[in-house]
There are 2 protein chains.
Amino acid sequence: MRPTKRDELVQKALQAFYQNGFHATGMDMLVKETGISKTSMYKHFRTKEDLILAVLRLRDEHFRNWLYRRIEELADTPKEQMVAMFDALEEWFDEDGYKGCMFIKASSEYQDSSHPIHKQSADHKRMLESHFTAIAKEAKLSNPDAIARQLLLLKEGAIVTAHLGHTENPAQDAKRAAITLIEACSN
Amino acid sequence: MRPTKRDELVQKALQAFYQNGFHATGMDMLVKETGISKTSMYKHFRTKEDLILAVLRLRDEHFRNWLYRRIEELADTPKEQMVAMFDALEEWFDEDGYKGCMFIKASSEYQDSSHPIHKQSADHKRMLESHFTAIAKEAKLSNPDAIARQLLLLKEGAIVTAHLGHTENPAQDAKRAAITLIEACSN
DNA sequence: ATTTATATTTACCGATCGGTACACTATATA
DNA sequence: TATATAGTGTACCGATCGGTAAATATAAAT
């Protein structure tokens, strides 16, 4: 299957939602920015919500692929890879147009935990957690679940702090904290 | 000056914005939920944005007052107080209707860093930072600025994680990490 | 008693919201 | 060549968006 207009729509909608927010981005704005007619959009997605869910699916795929690969490029051993996550994050924060985490944003606009958009955002975080728990196990750290959760707290904190922009280099702060935490459960 | 309708409006608007989000809460909904006429609202605030800024000012005052006081109630020494922050956070997360941090939400919906709402949200975080830096200095920790920033990363991470709801007890995870980090810069 | 500030109700504005109806066109495959 | 698939433009729907006009009521302060 070659790239369809549908894929193009989802990709461009991702940009628009990421830069402007979900409620603030209307379907008419999407028509303007994508050049795709509203009729076509509604042939592919029954509602705006369905489109957002597809956007989040794409974002999840792209982000996790990027992060997992980048970490492997930056470090060899599992223990070093957990630290390298924060170098990868710093690269992301430094990108033009960085506007925080799409899933945190989504859960900020669709707050009810029973809302499909909220649920799907939580799923994304869960997948990150299990991935880093696995790495922590490879690294033979004591209490791999706990250290993975702690590092991910630092990650989420760095993401929102980088977006708020009130400290200089949250990725490096998080990295130093991560090193201390990993040290503390290494034997 | 006694409590005016204006104060009542700001307080009820805070609830509505916190529970439903900023874009998702229209001025007409505010009329319904507060019983205050739209004309009165626009006598007090020129625009919705002005109202939001007033709401954020109130929220900043309430939240900081609550957190600072609660921490002092929970612990005596500066070092213990820094850890106690996470017990205070856990109480907050367990409240009915907990929906994350109002300022993270605000910056998620008004993403441009030059936007007044975004700026004011960053100011809130800055004030927290200087407060906890001062406590870290009192505690005679080496590198008090760094440890304060690290603990606040854990705090922000716990806040969004508690809202996403994908882990069991992020406040306790953050607390354990905080203890390790504080230990590491105590001599 | 009169002013002033604060509040009210009702109705309205143009713009935009998410979503649809309808008629039409290009393309690829069977 | 027939037929489905994917796409188009335009016009429209009722509802809601943020915000305003005008006329009026209330009550405390001068």
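Computed from heavy atoms alone, side chains included, the values below leave out hydrogens, waters and symmetry copies.
- Rounded to whole angstrom, the span from the CD1 atom of I36(B) across to the P atom of dT9(C) amounts to 11 Å.
- In this structure, the side chains of M102(A) and V55(A) come closer than 4.5 Å at one or more pairs of heavy atoms.
- A donor-acceptor pair is defined here as one N or O able to donate and one able to accept, closer than 3.5 Å; such a pair exists between the side chain of Q81(A) and the backbone of D76(A).
- Atoms CE (M41(B)) and P (dT6(C)) sit 17 Å apart, rounded to a whole Å.
- Residues F132(B) and L151(B) form no side-chain contact, since every pair of their non-hydrogen atoms from C-beta on lies 4.5 Å or further apart.
- Atom CD in E49(B) sits about 12 Å away from atom C1' in dG18(D), given to the nearest Å.
- R176(A) contributes atom CZ, which lies 12.5 Å from atom CG of L181(B) (distance to the nearest 0.5 angstrom).
- Here the P atom of nucleotide dG19(D) and the CG atom of L30(B) are 12 Å apart, to the nearest Å.
- By the 4.5 Å heavy-atom criterion applied to side chains, E138(B) and M82(B) are not counted as neighbours.
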| task | Produce a footprint string for nucleotides 12-17 of chain D: one letter per nucleotide, 5' end first; B if the base is under 4.0 Å from any protein heavy atom, S if only the sugar-phosphate is, - if neither. | result | -----S
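- Remark: D28(B) engages K38(B) in a salt bridge (Lys or Arg N to Asp or Glu O under 4.0 Å) (not counting sequence neighbours).
- E109(A) places a side-chain N or O within donor-acceptor distance of the main-chain N or O of F22(A), the cut-off being under 3.5 Å.
- At whole-Å resolution of the value, CZ in F22(B) and P in dG18(D) are 13 Å apart.
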| Derivation of the ring pair (Phe, Tyr, Trp, His ring centres under 6.0 Å) call for H118(A) and H163(B) | CA-CA 10 Å; H118(A) 192 106; H163(B) 184 215; 5.0 Å; yes
| note | 5' to 3', nucleotides 22-27 of chain D under a 4.0 Å protein heavy-atom cut-off (B base, S sugar-phosphate only, - none) gives B-----
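- Of the two residues contacting DNA chain C, namely S37(B) and T47(A), the nearest-nucleotide position lying further toward the 5' end is that of S37(B).
- A close approach under 4.0 Å does occur between a side-chain nitrogen or oxygen of Y42(B) and OP1 or OP2 of dG19(D).
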